[in-house]
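Presented below is the structure to which this report refers.
Everything numeric here is computed off the predicted structure, so don't read it as measured data. Counting from 1, the numbers follow the sequence of the chain as shown.
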Amino acid sequence: MTASVSVAAIQMVSGFEVEQNLVRARELLEQAAEDGARVAVLPENFAAFQNRRLADLGQSEARGEDGSIQSFVGREAARLGLWIVAGSLPMGTRPDGTVVPDGRVRAACMVWNDQGERVARYDKIHLFDALVGDSQGRYQESDLFEPGDEVVTVDTPAGRLGLSICYDLRFPELYRRLREAGAEWVVVPSAFTHRTGEAHWEPLLRARAIEDQVWICAPNQGGQHDERRQTWGHSMIIDPWGSVVAERAEDGPGVVSAVVDRDQLASTRSAIPVWEHRRL
C-alpha cells in the first residue's frame, strides 16, 4: 500500500430497471478510472431501487438463478483495473450460505479487487424503520431485510477499509468497532432521504470522521426517483480532521474523487491521540 491513493465516490439516481442502472454505473466507473481512482465506491441500491425488485433479485440469487449483478461488478473491476465497493446488493443467502428465511433478503456491501475477485462482504446491521415527514412517510426496511451481525474490514490499496451502509451512520459504536479492527478509512454507501439528509447527512459523516480519526467516503443516491422518493445526494469524501475535501453539491449522477493520504491520517492520530486517552 502506498501513502496516497485516489478514491472515488459515485453518486447515482438509480431507477427500477436493473440494466439501465448498470449501464449508468459502468459509465461512472469508467469516469472514476479515467480520473485516476484506484478504488471506486457505488451508492446503496445502485443496481435496483424499488423494494419489491430488491427482494426478487435477492431470492433469485439464493436459488442460484441470478448472479448477473455480481458478475457485472467483477467484470468491470477486472476490465478497468479498479477496486470496486458495490454499495449494496440484495442477497438471499447469508455469508455462511444459508438461505434468509421468510422471503426476506440481506443488504450486502461487497468489495472486488482489481483482478475481479470478490474479497469482502458486509451485511447491513442497522435497518431503517422510521417515520419521515416526506412523500413516502414511513420506511420499514425490516419488512424486507434481515439484519447482519458482523463487523467487516478489508485491506485495499488505500489502507484498511471499514464497511458500513446508510442508516449505520447513526450508530457510532459500529465505527468504534471498525477503528478497533484497524480501519483507516470507512465507506458509507447510502440512499439518504432528502429530508433526513438535509438535516443530518454532513454532520453525522463529519462526526464519524472526527471521533474515530478515519477518512470517510460516502456516495449517496441523489435526486428524484419517483413521485414519492427523493434522495439527498451531496456525496462526499471527508478527511480525519473532519474537513470535507470533495463533494458533489448538485443532484444527479456524478463522480467526486480525493486522495486518501495515510500520512495525514497518522499525523492526525499522533497530534490528538484520543485512542490512547479513552477511559470508558
Notebook entry, point to check: Checking side chain to side chain contact (heavy atoms under 4.5 Å, CB included) for the pair Phe192/Glu44: CA distance, chi angles, key distance, verdict?
Noted result: CA-CA 9 Å; Phe192 248 67; Glu44 184 179 28; over 6 Å; no

Notebook entry, point to check: Passes side chain to side chain contact (heavy atoms under 4.5 Å, CB included), Val151 versus Tyr122? Steps please.
Noted result: CA-CA 7 Å; Val151 175; Tyr122 162 73; over 6 Å; no

Item checked: From CA spacing to verdict: side chain to side chain contact (heavy atoms under 4.5 Å, CB included), Ile69, Phe46 -> CA-CA 10 Å; Ile69 301 173; Phe46 72 93; 4.0 Å; yes

Item checked: Evaluation steps, side chain to side chain contact (heavy atoms under 4.5 Å, CB included), between Val186 and Arg208 -> CA-CA 9 Å; Val186 177; Arg208 298 295 88 83; over 6 Å; no

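To the nearest 0.5 Å, the span separating CG on Asn113 from CG on Asp155 amounts to 12.0 Å. Note that CZ of Arg170 and OG of Ser164 are 13.0 Å apart. Values are rounded to the nearest 0.5 Å. Considering CZ of Phe72 and CD of Glu19, their distance stands at 9.0 Å, rounded to 0.5 Å. Note that CE of Met12 is 9.0 Å distant from CD of Glu27, once rounded to the nearest 0.5 Å. Interatomic distance, CG of Leu205 versus CD1 of Ile237, reported as 11.5 Å (0.5 Å rounding). Distance check, rounded to the nearest 0.5 Å: CD of Glu227 to CD of Gln136 gives 10.0 Å.
No side-chain heavy atom of Phe145 sits less than 4.5 Å from a side-chain heavy atom of Lys124. No side-chain heavy atom of His225 sits less than 4.5 Å from a side-chain heavy atom of Asn45. Using a 4.5 Å heavy-atom threshold, the side chains of Val13 and Asp251 count as separate. Here the side chains of Glu30 and Leu80 are in contact, with some heavy-atom distance below 4.5 Å. Considering only heavy atoms from C-beta on, Ile272 comes within 4.5 Å of Gln213 through its side chain. You'll find the side chain of Val85 reaches within 4.5 Å of the side chain of Leu161, heavy atoms only. Counting heavy atoms from C-beta outward, His126 and Pro147 have side chains that stay 4.5 Å or more apart. Side-chain atoms of Pro95 and Arg106, non-hydrogen and from C-beta on, do get closer than 4.5 Å to each other.
At a threshold of 4.0 Å, the pair Arg160-Glu184 does not count as salt-bridged, since none of the basic side-chain nitrogens sits closer than that to a carboxylate oxygen. Ion pair Asp134/Arg195 not flagged as a salt bridge, since none of the NZ, NE, NH1 or NH2 atoms sits closer than 4.0 Å to an Asp/Glu carboxylate oxygen.
If you chain together hydrophobic residues whose side chains sit under 4.5 Å apart, Val256 and Trp201 never meet in one group. Hydrophobic clustering (ILVMFWY, side-chain heavy atoms < 4.5 Å, transitive): Val18 and Leu28 are in one cluster. Grouping the Ile, Leu, Val, Met, Phe, Trp and Tyr side chains by contacts below 4.5 angstrom, directly or via other members, places Ile165 apart from Tyr167. A continuous path of ILVMFWY side-chain contacts below 4.5 Å connects Val154 to Leu174, so both sit in one hydrophobic cluster. Hydrophobic clustering places Leu178 together with Leu169 (ILVMFWY residues linked when any side-chain heavy atoms are closer than 4.5 Å, directly or through intermediates).
Side chain to side chain, Ser235 and Asn220 fail the donor-acceptor criterion of an N or O pair below 3.5 Å. Defined by atom type and a distance below 3.5 Å, a donor-acceptor pair is present between the side-chain atoms of Thr156 and Trp185. A donor-acceptor pair shorter than 3.5 Å can be found between the side chains of Asp239 and Gln264.
The ring pair (Phe, Tyr, Trp, His ring centres under 6.0 Å) analysis of residues 237-280, with sequence neighbours excluded, yields no pairs.
Under the 3.5 Å distance criterion, the side-chain polar atoms of Asp114 are left unmatched by any main-chain donor or acceptor of Trp83. Under the 3.5 Å distance criterion, the side-chain polar atoms of Ser190 are matched with a main-chain donor or acceptor of Val188.
Pairing each heavy atom of Val214 with each of Ala183, the nearest pair is CG1-O, 3.6 Å. Annotation for Pro43 and Ile10: closest pair CD-O, 3.2 Å, computed over non-hydrogen atoms. Scanning all heavy atoms of the two residues, the minimum distance from Val7 to Ala158 falls at CG1-CB, 3.9 Å. Nearest heavy-atom pair, Ser142 versus Arg104, reported as atom, atom and distance to 0.1 Å: O-NH1, 3.0 Å. For the residue pair Thr153 and Gly162, the shortest heavy atom distance occurs at CG2-CA, 4.0 Å. The shortest non-hydrogen separation linking Gln221 to Ser14 is OE1-N, 2.9 Å.
Not counting sequence neighbours, the partners of Tyr139 by the ring-ring contact (aromatic ring centres under 6.0 Å, His included) test are Phe128.
Applying the 6.0 Å contact sphere to CZ of Arg177 captures no more than 12 heavy atoms from other residues, nucleotides or ligands.
Exactly one of Arg176, Arg179, Arg278 qualifies for a salt bridge (Lys or Arg N to Asp or Glu O under 4.0 Å) with Asp212. That residue is Arg176.
Ring geometry for Trp232 against His234 counts as parallel: the plane angle stays under 30°, on a 0 to 90° scale with 60° as the upper cut.
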